[in-house]
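Structure first, then comments.
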Amino acid sequence: MLTLHKINKYYQVGTHSLHVLRDVEVEIDRGEFVAIMGASGSGKSTLLNVLGILDEYDSGEYLLDGTLIKNLSERKAADYRNRFIGFVFQSFNLLPFKTAVENVALPLFYQKVARRKRNRIAMQYLERVGLADWADHTPAEMSGGQKQRVAIARALIGNPRMILADEPTGALDTETSAQIMALLGEIHREGITILMVTHDTEVAAHAQRTIRLRDGKIVTDDHGVHPPAADPVAAHA
Ligand code: ADP
Ligand code: MG
């Protein structure tokens with residue numbers, strides 16, 4: 001799915017240069033569910049933004065589905081984002097004056113899909129996340145968990161290969177977090193690759209693999225908790 005090779009990134013803060021990603025080396029296969037953990041300021045969001053082609057890196061190589069993602073024009077970057085990636089954020093990032101169905105339909109609006117058609121498709125995704133009855137409500141009328149479901153429906157409507165989620169349960173209570181994680185688990189089982197930043201070890205336990213960052217460096221990369229399904233050919237060899 002994607003490869004990062006010796007990725008380095010710096011932020012210029014005044015006259016000081018902050019080294020936020022240090023020789024990051026990682027390979028993620030299609031269908032993986034990966035948690036990215038680490039202390040606040042360790043570079044988790046920066047890494048996710050590089051993966052989401054929302055931010056540039058200074059050296060190294062990022063290959064997405066075999067294509068080098070480097071110095072892309074804004075138009076090309078947007079094209080890759082639309083084709084490959086759905087985003088989910090801690091603060092939901094819904095448009096406050098739009099209804100749930102309009103928020104879900106937004107990516108199709110940008111793709112110039114006609115209103116009636118995009119709202120019809122958006123309704124299917126709202127149903128998928130269990131919110132068909134809330135289609136005409138605005139975010140202010142919804143709970144945090146409902147807002148995150150709307151955001152997940154919006155992330156899915158472009159039919160992405162990969163979901164990038166930055167602390168998707170960070171603003172939710174324990175029970176609502178568990179519901180959102182169950183939904184992400186279902187989406188993963190449908191074959192979508194998920195990369196999720198989280199502080200919470202309980203949330204991270206839903207993933208199959210945990211990458212830990214410290215000061216911009218990967219310090220551990222565990223495929224531990226849930227072993228990958230046994231290869232039946234190898235098992236009988
Ligand atoms: P995390 O998501 O792990 O909390 P971030 O990736 O947001 O960490 O930030 C990593 C480091 O980069 C932090 O020290 C942060 O202050 C710094 N940083 C993040 N964004 C910027 C920016 N736009 N300009 C300057 N420094 C930044
Ligand atoms: Mg962050």
How long is the straight-line distance from CZ of F84 back to CG of L164, given to the nearest 0.5 Å? 12.5 Å
Does a salt bridge link D215 with R22, judged by any charged N lying under 4.0 Å from a carboxylate O? no
Quick one about D166 and S45 (side-chain donor to acceptor, distance below 3.5 Å, no hydrogens or angles considered), yes or no? yes
Separation between OG1 (T138) and NZ (K147), nearest 0.5 Å, reads 9.0 Å
Got a salt bridge between R83 and D79, using NZ or NE/NH1/NH2 to carboxylate O under 4.0 Å? yes
Geometric cation-pi criterion, R128 with Y125: 6.0 Å, 45°: no
Between K70 and E61, does any NZ, NE, NH1 or NH2 come within less than 4.0 Å of an OD or OE carboxylate oxygen? no
Can you hop from L131 to L108 via hydrophobic side chains spaced under 4.5 Å? yes
Is the side chain of K76 donor-acceptor paired with the backbone N or O of I69 at a distance under 3.5 Å, no angle test? no
Evaluate K9 against D55 for salt bridge (charged side-chain N to carboxylate O under 4.0 Å, His left out), listing each step before the verdict. CA-CA 10 Å; K9 180 172 178 63; D55 208 347; 3.4 Å; yes
From L106 CG over to I157 CD1, what is the distance, rounded to the nearest 0.5 angstrom? 9.5 Å
Please check if the side chain of T198 supplies one atom and the backbone of D200 the other of a donor-acceptor pair under 3.5 Å. yes
Under 3.5 Å, side chain of N49 to main-chain N/O of L54, donor-acceptor pair present? no
Would you tell me whether D173 and T176 have side-chain atoms, one donor and one acceptor, within less than 3.5 Å of each other? yes
Partner of M162 under side-chain contact (heavy atoms from CB on, under 4.5 Å), picked from L2, I194, I28, is L2
For the pair R118 (side chain) and V113 (backbone), establish whether a donor and an acceptor sit closer than 3.5 Å, ignoring hydrogens and angles. yes
Has E102 got a side-chain atom pairing as donor or acceptor with T99's backbone, closer than 3.5 angstrom? yes
For residues L51 and I85, report the shortest heavy-atom separation together with the two atoms involved. O-CD1, 3.7 Å
Ring pair (Phe, Tyr, Trp, His ring centres under 6.0 Å) pairs, two or more places apart, involving residues 149-201: F33-H188
Atom pair OH/CD1 of Y80 and I53 - distance to nearest 0.5 Å: 8.0 Å
Check: G31 main-chain N/O paired with T193 side-chain donor or acceptor under 3.5 Å: yes
Trace of the side chain to side chain contact (heavy atoms under 4.5 Å, CB included) decision for T46 with Y11: CA-CA 10 Å; T46 304; Y11 281 121; 3.8 Å; yes
Parallel, tilted or perpendicular: ring planes of H137 versus W134, cut at 30 and 60 degrees: tilted
Between N8 (side chain) and S59 (backbone), is there a donor-acceptor pair under 3.5 Å? no
Run E74 and R81 through salt bridge (charged side-chain N to carboxylate O under 4.0 Å, His left out) and show every step you take. CA-CA 10 Å; E74 192 39 55; R81 280 196 299 269; 2.9 Å; yes
Given R209 and D221, is the salt bridge (charged side-chain N to carboxylate O under 4.0 Å, His left out) satisfied, shown in steps? CA-CA 7 Å; R209 171 177 175 189; D221 185 349; 2.8 Å; yes
Evaluation steps, side chain to side chain contact (heavy atoms under 4.5 Å, CB included), between R154 and R149: CA-CA 9 Å; R154 179 186 57 188; R149 284 174 188 276; over 6 Å; no
How long is the span from the NZ atom in K6 to the CG atom in D23, to the nearest 0.5 Å? 4.5 Å
Main-chain N/O of V88 paired with Q148 side-chain donor or acceptor, under 3.5 Å: no
At what distance, to the nearest 0.5 angstrom, does CD of Q146 lie from CG of L94? 11.5 Å
Kindly say whether A78 contributes a backbone atom to a donor-acceptor pair with the side chain of N82 at under 3.5 angstrom? yes
